[in-house]
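Here is the structure we will look at.
Atoms considered below: every heavy atom in the structure, side chains included; atoms not considered: hydrogens, waters and symmetry mates. Per chain, numbering begins at 1; letters A, B, ... match sequence-line order. All figures in this text were calculated on a predicted structure; none of them were measured in a lab.
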2 protein chains.
Amino acid sequence: MTIDPYSDIPAYKQLAAGLRTMIDSGSLAPGQRVPSESDLVQRYGVARETARRAIALLRAEGLIQTIQGQGSFVADRQEAVTMRFPSGTEVAARMPSPEERRAFGVPEGVPIFIVRDPAGRESKLRADRNVILFAEE
Amino acid sequence: MTIDPYSDIPAYKQLAAGLRTMIDSGSLAPGQRVPSESDLVQRYGVARETARRAIALLRAEGLIQTIQGQGSFVADRQEAVTMRFPSGTEVAARMPSPEERRAFGVPEGVPIFIVRDPAGRESKLRADRNVILFAEE
DNA sequence: GCCAATTTGTGCGTATGTATT
DNA sequence: GAATACATACGCACAAATTGG
């Protein structure tokens, strides 16, 4: 994988696309560390900001999580719990506010479900760990 | 609203919080233009990157949309269509890939529903314009 | 069509702070 | 303490898109 600075596609998107391919193909497995910013800078000859932007893009897609002082890691996708809800239930989804992110411990790039039961009561669930199933008991 | 550069809270988060308050309170109404980067730089005495980061934060939350050459605009929230699905339907949500974003015309900060019907067929819906209702016909 | 002004996008450099190992 | 890694913040320059004259 190389970066073409003369391409119409911005360098940070090219870089993100390359990393995304590695994640999708499994060559970067869930839990595994993504190359550090310095790594990307050296290997691909880009500025640090360019590397950071590629990382930020994947983080916003929910593909990786970043921890200061440690690095970025490929997110787990499979371990979702199926939650069962009865007829009349309404489900919305949106990105959480920073307060909701803190409250639920949700990383960047992860939406939340807003589930409203027939009585109008709302509950929120992080969308990376839950799947909604419509079915009576 | 002022920015305190000596606060523990980063300047761009302070700025984003101020703008978020204006949006939530309706003082910045849906469809209305958010102050430009240059405006923010001049009014609050921050660097352009700081202003851009505040904007990017709100965009990632789905609160605003940005159009190159025009500016950022407060997103509409209310106009969601209710989609009805039968028992056995499974619903997940996640952020779209860039390809899915293009395919569905979804702006940044907007998740998509992945709806799987009892037969296993998948369909995708943008989460800012759709609500899922579980109910038989 | 053209040009200028405005606004966001991309990319580089530097410096310093914070967190982890 | 040292090394590594990410976070914040400033500066600069030019590109791309839109709008208005």
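The OH atom of B/Y6 sits 14 Å away from the C1' atom of C/dT16 (whole-angstrom rounding). Rounded to whole Å, atom C1' of C/dG17 lies 14 Å from atom NZ of B/K13. Remark: P of C/dC12 and CZ of B/R48 are 16 Å apart, rounded to the nearest angstrom. As a whole-Å value, the separation of A/Q65 CD from D/dA7 P is 12 Å. Computed from coordinates, the A/I64 CD1 to D/dA5 P distance equals 15 Å when rounded to whole Å. Rounded to an integer number of Å, the gap from CD1 of B/I55 to P of D/dA9 is 15 Å. With rounding to whole Å, A/R53 atom CZ is found 15 Å from D/dA7 atom P. Atom CD in A/E49 sits about 14 Å away from atom P in D/dG11, given to the nearest Å.
Of the residues listed (A/E108, A/R59, A/R20), the one engaging A/I64 in a side chain to side chain contact (heavy atoms under 4.5 Å, CB included) is A/R59, and it is the only one.
Looking at which nucleotide of DNA chain C each of A/Q68 and B/T66 is closest to, the 5′-most match is held by B/T66. Taking for each of A/V46 and A/I67 the nucleotide of DNA chain C with the nearest heavy atom, the 5'-most of the two is the partner of A/V46. Comparing A/S72 and A/D8, the nucleotide of DNA chain D nearest to each residue sits closer to the 5' end for A/S72.
Distance from the side chain of B/A11 is smallest for D/dA9 among the nucleotides D/dC10, D/dA9, D/dT19. Of the listed nucleotides (D/dA9, C/dG9, C/dA15), C/dG9 has the atom at the smallest distance from the side chain of A/Y12. You'll find that the side chain of A/Q70 is closest to C/dT21, out of D/dT18, C/dT21, C/dT10. Checked against C/dT10, C/dC12, D/dC10, the side chain of B/A47 finds its nearest nucleotide in D/dC10. Nearest to the side-chain atoms of B/T50 among the listed nucleotides C/dG9, C/dC12, D/dA9 stands D/dA9. Residue A/P10 has its side chain nearest to C/dG11 when only D/dA7, D/dA15, C/dG11 are considered.
Nearest heavy-atom pair, A/V110 versus A/P96, reported as atom, atom and distance to 0.1 Å: O-CD, 3.3 Å. Here the closest non-hydrogen pair linking B/E37 and B/A51 is O-CB, 4.1 Å. Across all their heavy atoms, A/R84 and A/A135 have their closest contact at CG-O, 3.1 Å.
Under a hydrophobic clustering in which Ile, Leu, Val, Met, Phe, Trp and Tyr are joined whenever their side-chain heavy atoms come within less than 4.5 Å, directly or via other members, B/I23 and B/L40 fall into the same cluster.
Formation of a donor-acceptor pair under 3.5 Å by the A/Q14 side chain with backbone atoms of A/I9 is found in this model. Under the 3.5 Å distance criterion, the side-chain polar atoms of B/R101 are matched with a main-chain donor or acceptor of B/V106.
Between A/I114 and A/I112 there is a side-chain heavy-atom pair separated by less than 4.5 Å. At least one side-chain heavy atom of A/M1 sits less than 4.5 Å from a side-chain heavy atom of A/L15.
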Practice task
Before giving the answer on side chain to side chain contact (heavy atoms under 4.5 Å, CB included), spell out for B/S87 and B/F134 the whole-Å C-alpha distance, their side-chain angles and the decisive distance to 0.1 Å.
Solution key: CA-CA 7 Å; B/S87 185; B/F134 170 35; 3.8 Å; yes
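With the end axes of the helix from C/dC2-D/dG21 to C/dT21-D/dA2 each set by five pairs, the angle from one to the other reads 20° at 10° resolution.
Scanning atom types as modelled, no donor and acceptor separated by under 3.5 angstrom connect the side chain of B/R52 and the base of D/dA9.
Of the residues in residues 34-42 of chain A, those lying under 4.0 Å from DNA chain D by heavy-atom distance are A/S36, A/E37.
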